[in-house]
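Because the structure is a prediction, the values reported are computed rather than measured. Labels below follow one simple rule: chain letters A, B, ... track the order of the sequence lines, proteins then strands, and each chain is numbered from 1. Because only heavy atoms are used, hydrogens play no part in the values below, and waters and symmetry mates are left out as well, while side chains stay in.
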Number of protein chains: 2
Amino acid sequence: MPLGERAGDKSESRYCGVETEFNDDMPQLLAYNISSGGFDFVVATLMDPSYRPSLVEKDCGGSGVLPFAGSDLVLSPSQWSSHVVGKISSWIDLDSEDEILRMDSETTLKQEIAWASHLSLQACLLPAPKGTSCANYARCVNQILLGLNSMKLWLRIPLWKTDDDSMDVDSNRLVDSWELWNSFRLLCEHHSQLSVALDVLSSIPSPNSLGRWFGEPVRAVIIHTDCFLTNARGYPCLSKRHQKLVTGAFSHSIQIVLSGKPVHSLPKGSSDLAANHDDSTLDGVQRHPLRSYLDYIGYLYQKMDPLPEQERFELGYRDFLQSPLQPLMDNLEAQTYETFEKDAVKYIQYQRAISKALQDRVPEDKASRMTTVLMVVGAGRGPLVRASLQAAEETGRKLRIYAVEKNPNAVVTLHSLVKLEGWENIVTIISSDMRSWDAPEKADILVSELLGSFGDNELSPECLDGAQRFLKDDGISIPSSYIPMVEETCCVEYGWTCFLDTPRVKSHKDVVHFETAYVVKLHNVARLAPTQSVFTFTHPNQSITKSNQRYKKLRFEIPCDTGSAMVHGFAGYFDATLYKDVHLGIEPSTATPNMFSWFAIFFPLRTPVIVHPGSSLEVNFWRCCGPSRSQSYAYVL
Amino acid sequence: MPLGERAGDKSESRYCGVETEFNDDMPQLLAYNISSGGFDFVVATLMDPSYRPSLVEKDCGGSGVLPFAGSDLVLSPSQWSSHVVGKISSWIDLDSEDEILRMDSETTLKQEIAWASHLSLQACLLPAPKGTSCANYARCVNQILLGLNSMKLWLRIPLWKTDDDSMDVDSNRLVDSWELWNSFRLLCEHHSQLSVALDVLSSIPSPNSLGRWFGEPVRAVIIHTDCFLTNARGYPCLSKRHQKLVTGAFSHSIQIVLSGKPVHSLPKGSSDLAANHDDSTLDGVQRHPLRSYLDYIGYLYQKMDPLPEQERFELGYRDFLQSPLQPLMDNLEAQTYETFEKDAVKYIQYQRAISKALQDRVPEDKASRMTTVLMVVGAGRGPLVRASLQAAEETGRKLRIYAVEKNPNAVVTLHSLVKLEGWENIVTIISSDMRSWDAPEKADILVSELLGSFGDNELSPECLDGAQRFLKDDGISIPSSYIPMVEETCCVEYGWTCFLDTPRVKSHKDVVHFETAYVVKLHNVARLAPTQSVFTFTHPNQSITKSNQRYKKLRFEIPCDTGSAMVHGFAGYFDATLYKDVHLGIEPSTATPNMFSWFAIFFPLRTPVIVHPGSSLEVNFWRCCGPSRSQSYAYVL
């Protein structure tokens with residue numbers, strides 16, 4: 001039974017699991033925890049915990065049967081795959097000094113994984129590495145991953161980082177469990193089926209440190225009953241920090257798993273729950289001993305705000321890498337125009353900017369006599385033409401519009417729009433590339449929407465420099481400037497594995513495809529340091545050289561309490577000034593609200609880089625221009 | 001409105017289209033032909049047929065608007081994509097001697113395809129090449145295909161082949177339109193978005209010749225009203241040959257498109273239909289002039305038998321290439337066992353064979369005293385154990401069974417099955433590989449199901465030779481023999497393009513992956529010559545060398561009236577004798593009915609080969625064995 005209904009949320013985080021002890025009777029285990037207990041799945045031990053391969057008589061031929069919990073037929077295939085996550089025996093220790101234990105561990109691990117694959121389980125929970133060294137464990141898991149079906153492996157990792165800066169180098173004590181995960185994952189070569197199940201303890205690291213995990217492939221957060229506090233009425237509840245972790249998990253499609261025995265004595269008649277674990281009843285109905293903990297998690301889920309409309313639209317795009325559009329080279333399709341035209345917020349901003357420009361250009365007393373010449377360069381199917389006419393109507397100014405569009409298919413729509421709306425006397429349609437058009441007169445205002453996710457990456461500077469020759473010397477360009485920005489160094493683990501799996505990248509394992517920027521709805525990311533501006537472009541371009549080449553060196557400082565992190569690339573945004581105080585932008589802290597035309601751009605690093613606490617990362621950014629081809633970026637650490 | 005309901009059929013052939021004249025009013029065109037006419041889609045001319053780029057004034061700047069039918073906004077995106085197939089101007093001739101016509105044709109073709117892409121249409125119909133030479137047309141289409149979105153291109157090809165063998169070499173006259181398609185498709189490098197729309201004429205080629213087309217990517221069959229005969233009541237109907245073509249189209253997901261003006265004067269008050277084309281009404285309701293033709297096509301569709309259960313199950317697998325299972329190397333998963341265990345027919349055949357063997361082995365009068373030792377080698381989760389026990393019960397014979405299985409996960413199920421059914425005294429489970437097991441006694445009967453689609457390709461001969469040492473000298477093996485067979489030379493165009501698109505093949509463009517056999521539900525194939533046996537394997541193996549190496553040369557004769565065809569590979573089947581007259585097989589003409597455990601195997605040719613009428617194709621087949629590794633096949637033309 002899902003935790004609740006949250007409008008728009010279809011993620012797996014609605015389903016809550018429970019960690020169970022070994023039970024040979026799987027149907028009973030499911031009935032107890034799922035049908036009556038209210039959980040959605042069990043994390044169930046697959047094999048009798050007393051089993052050790054070395055204790056099985058060697059000479060019994062091959063007739064031995066492995067002591068698994070039930071046979072495959074005790075549950076239906078769909079019950080196995082939707083309600084059971086396999087828990088690998090927690091006693092295994094593949095890096096033990098004891099050779100027998102080490103060999104037994106490897107054999108058992110492989111047998112249990114083979115059994116889980118046989119059952120087509122969706123995932124198995126691997127026990128946390130026993131010490132700080134995990135080389136043999138990781139080697140063996142890597143070998144398993146290479147032959148695995150679609151099953152996922154969740155590596156259990158305690159969520160632990162000391163804030164103590166005086167690191168005792170001699171000590172073998174675990175200081176930051178992220179380091180443990182990182183070395184394990186590196187030995188498994190970033191395999192996309194390996195992910196993390198975070199074991200939450202009663203104390204939680206600092207927010208900066210915790211934030212790193214949202215850039216990692218965390219699939220589950222395991223909360224032990226020990227973590228719960230007691231509220232005024234005697235019921236379990238969580239600290240603010242724990243609550244924040246749980247809601248963070250909900251919005252990152254991470255599932256919660258409850259673990260442990262009940263430690264709260266509930267008030268009223270149910271106070272014997274903790275002691276009487278298995279057959280406690282309340283009003284004659286059997287009540288699961290962890291029910292009050294589950295109810296609290298459900299309460300946290302239901303308390304969340306519904307998913308905003310925009311985020312629902314973007315769900316399918318999260319962490320999905322796309323090649324940026326190249327509208328100058330390729331003509332957009334009708335459906336692409338349709339999508340972008342729906343971004344009302346963007347055109348309202350344009351209309352506001354045009355209104356202000358018209359008012360500045362033509363004083364109120366001359367409004368009825370003076371006609372402003374406005375050119376929409378890259379008019380598409382006409383949304384900016386409409387915004388301009390609305391601005392004219394709003395301000396009472398008179399307009400003559402030239403709508404310049406190079407896509408002959410969009411020109412067809414523009415024509416019928418102008419006819420339908422009766423704009424023939426105001427709007428002239430020009431089916432041409434703005435760079436080659438021979439304008440019959442000069443413009444007062446030049447309006448364009450050529451911005452890409454990084455501002456200048458769809459060749460806006462080059463196009464507008466080309467169109468500038470038909471703008472009056474004192475004419476206005478809307479937008480008047482834009483600033484590409486690079487966010488912090490950022491860490492995208494999902495994005496990274498997706499990226500490595502992207503057919504384009506995989507099929508050409510070359511530098512070009514690793515050094516291409518991608519458009520992506522960043523979601524599973526850790527933002528490690530604040531955004532910085534990279535370049536600035538201003539229109540009309542008054543610079544003497546009119547060059548659009550740029551170079552900038554940036555330095556990102558990682559806060560000390562974050563701990564180490566792996567940097568996979570840089571997130572790019574833009575902020576544009578349309579006119580005076582009317583801006584348009586997608587940098588998270590200053591983004592125009594409810595606008596969906598742009599996702600971020602992502603500049604991947606060919607080899608991810610580990611940054612250590614308190615250290616800084618320097619990156620050089622170039623914008624390079626060729627005589628005929630598109631601009632390109634280069635970046636070097 | 002689909003042609004009708006046919007249980008199990010979800011293919012596109014339920015939808016029928018109509019070819020229409022140029023009409024600037026697309027909404028009216030759709031209302032007339034779809035909403036009231038009953039068709040599902042229109043094949044509509046996209047551009048004014050009088051348009052010629054060379055006639056447009058050169059000096060009008062870039063302000064001209066292309067004369068398309070409507071703008072993209074006159075229909076919704078989903079109307080465009082589900083109800084309109086774009087018809088490219090039929091006047092275009094890219095191989096004309098007239099340079100102006102040739103240039104105009106190329107420009108128009110590109111403009112229309114760009115417009116159709118802009119609208120996200122699913123397909124465009126390209127006019128048939130004008131002569132027998134189509135090099136420039138194909139070059140231009142190939143160039144378009146390389147930059148196309150997901151839209152398909154249907155090349156119109158008249159369905160034509162003279163049965164006249166006295167081919168006049170001098171004549172430029174088209175003898176076999178398949179040749180035209182073949183050269184066009186070769187120039188477009190088998191592009192998967194290029195397919196055929198067959199233009200049906202009143203005379204139809206021979207069945208052998210027609211059969212070739214079901215191995216080609218035919219998407220539509222266009223039937224002109226001229227093709228229709230008139231039935232006794234004055235209504236349109238089709239000849240038997242035409243009917244067979246139409247039902248063949250239905251079962252190959254090919255859509256019917258009606259074309260032309262009505263040529264039947266319907267009886268009663270509707271006799272003025274033909275003359276009064278556009279506003280004919282019947283009982284006050286406007287009736288589409290082609291309605292009686294559409295009704296007849298619907299009648300043919302509804303008359304078809306419902307899709308059998310087995311074919312419904314196999315729908316999703318049609319022409320989909322899979323790597324053969326390797327149960328000796330990889331352990332099967334529970335769900336795979338589950339699927340194969342459901343094949344009741346197979347186990348009934350096994351039970352029949354075991355019954356006969358038991359009766360031959362033990363005379364009726366000794367039935368109560370003699371116990372037969374039966375070994376199931378490769379027992380899996382137990383279906384053959386069950387079949388054996390049922391055979392024993394049916395015949396009143398006594399059994400002692402050894403169930404040998406190497407997969408420890410299946411052994412778990414076997415154990416619980418034996419316990420559940422109370423078979424402990426009869427069945428002994430051996431968790432071991434049959435090749436290494438040390439049997440405590442010898443068997444009377446050895447039962448196995450190790451057959452692959454090609455019989456021996458899952459190493460049945462090697463495994464059974466290994467197990468033969470614990471079979472009594474006069475013991476029986478079930479199966480007792482099997483014959484891999486190669487069908488005809490066969491031509492799989494869809495399979496071929498799928499094959500080329502298969503990631504495994506694409507990512508390693510090497511010989512190994514082209515010379516691997518694939519398991520596939522053959523559907524879109526042409527069977528060009530009868531099946532031939534390749535090898536024979538018998539158990540117990542009494543040959544002196546006991547070698548399972550084999551070599552055979554086969555010669556396939558293509559019937560004269562077929563015409564030329566392209567051979568992409570060979571289909572492989574098996575026929576097995578389980579015991580005496582009980583057989584099991586998948587060769588189409590002798591296949592065991594309603595059995596679904598095996599699809600055919602497909603041996604692709606790295607380079608498809610064209611065979612000409614009356615010629616023969618020789619192929620050499622080898623079965624090679626290595627000391628430790630799997631067997632392999634080699635084949636050379």
Applying a strict 4.5 Å limit to non-hydrogen atoms, the region of B:Leu332 in contact with chain A is backbone

Side chain to side chain, B:Ile401 and B:Trp423, heavy atoms closer than 4.5 Å:
no

Practice problem: Keeping the roles fixed (side chain from A:Arg469, backbone from A:Asp438), state whether a donor-acceptor pair exists under 3.5 Å. | Solution: no

N/O donor to acceptor pairs below 3.5 angstrom from side-chain atoms of residues 65-79 of chain A, sequence neighbours left out:
residue: A:Ser71; atom: OG; partner: A:Leu73; partner atom: N; Å: 3.0
residue: A:Ser71; atom: OG; partner: B:Ser416; partner atom: OG; Å: 3.3
residue: A:Asp72; atom: OD1; partner: B:Thr413; partner atom: OG1; Å: 2.7
residue: A:Asp72; atom: OD2; partner: A:His118; partner atom: NE2; Å: 2.8
residue: A:Asp72; atom: OD2; partner: B:Arg381; partner atom: NH1; Å: 2.8
residue: A:Asp72; atom: OD2; partner: B:Thr413; partner atom: OG1; Å: 3.1
residue: A:Ser76; atom: OG; partner: A:Ser78; partner atom: OG; Å: 3.4
residue: A:Ser76; atom: OG; partner: A:Gln79; partner atom: N; Å: 3.1
residue: A:Gln79; atom: OE1; partner: A:Ser76; partner atom: N; Å: 3.0

The side chain to side chain donor-acceptor pair (under 3.5 Å) partners of A:Gln193 (sequence neighbours excluded) come to none

Contacts of A:Asp343 meeting side-chain contact (heavy atoms from CB on, under 4.5 Å) (sequence neighbours excluded), chain-then-number -> A:Val345, A:Lys346, A:Met595, A:Phe596, A:Ser597

For residues 333-342 of chain B against chain A, heavy atoms under 4.5 Å, the residues are B:Glu333, B:Ala334, B:Gln335, B:Tyr337, B:Glu338

So, the part of A:Asp433 with a heavy atom under 4.5 Å from chain B: the answer is neither

Notebook entry, point to check: Does any non-hydrogen side-chain atom of A:Phe470 lie less than 4.5 Å from one of A:Trp437?
Noted result: yes

Okay, A:Leu417 and chain B: the region with an atom under 4.5 Å from a heavy atom over there is neither

Exactly one of A:Val377, A:Val411, A:Asn331 clears side-chain contact (heavy atoms from CB on, under 4.5 Å) with A:Lys406, and that residue is A:Asn331

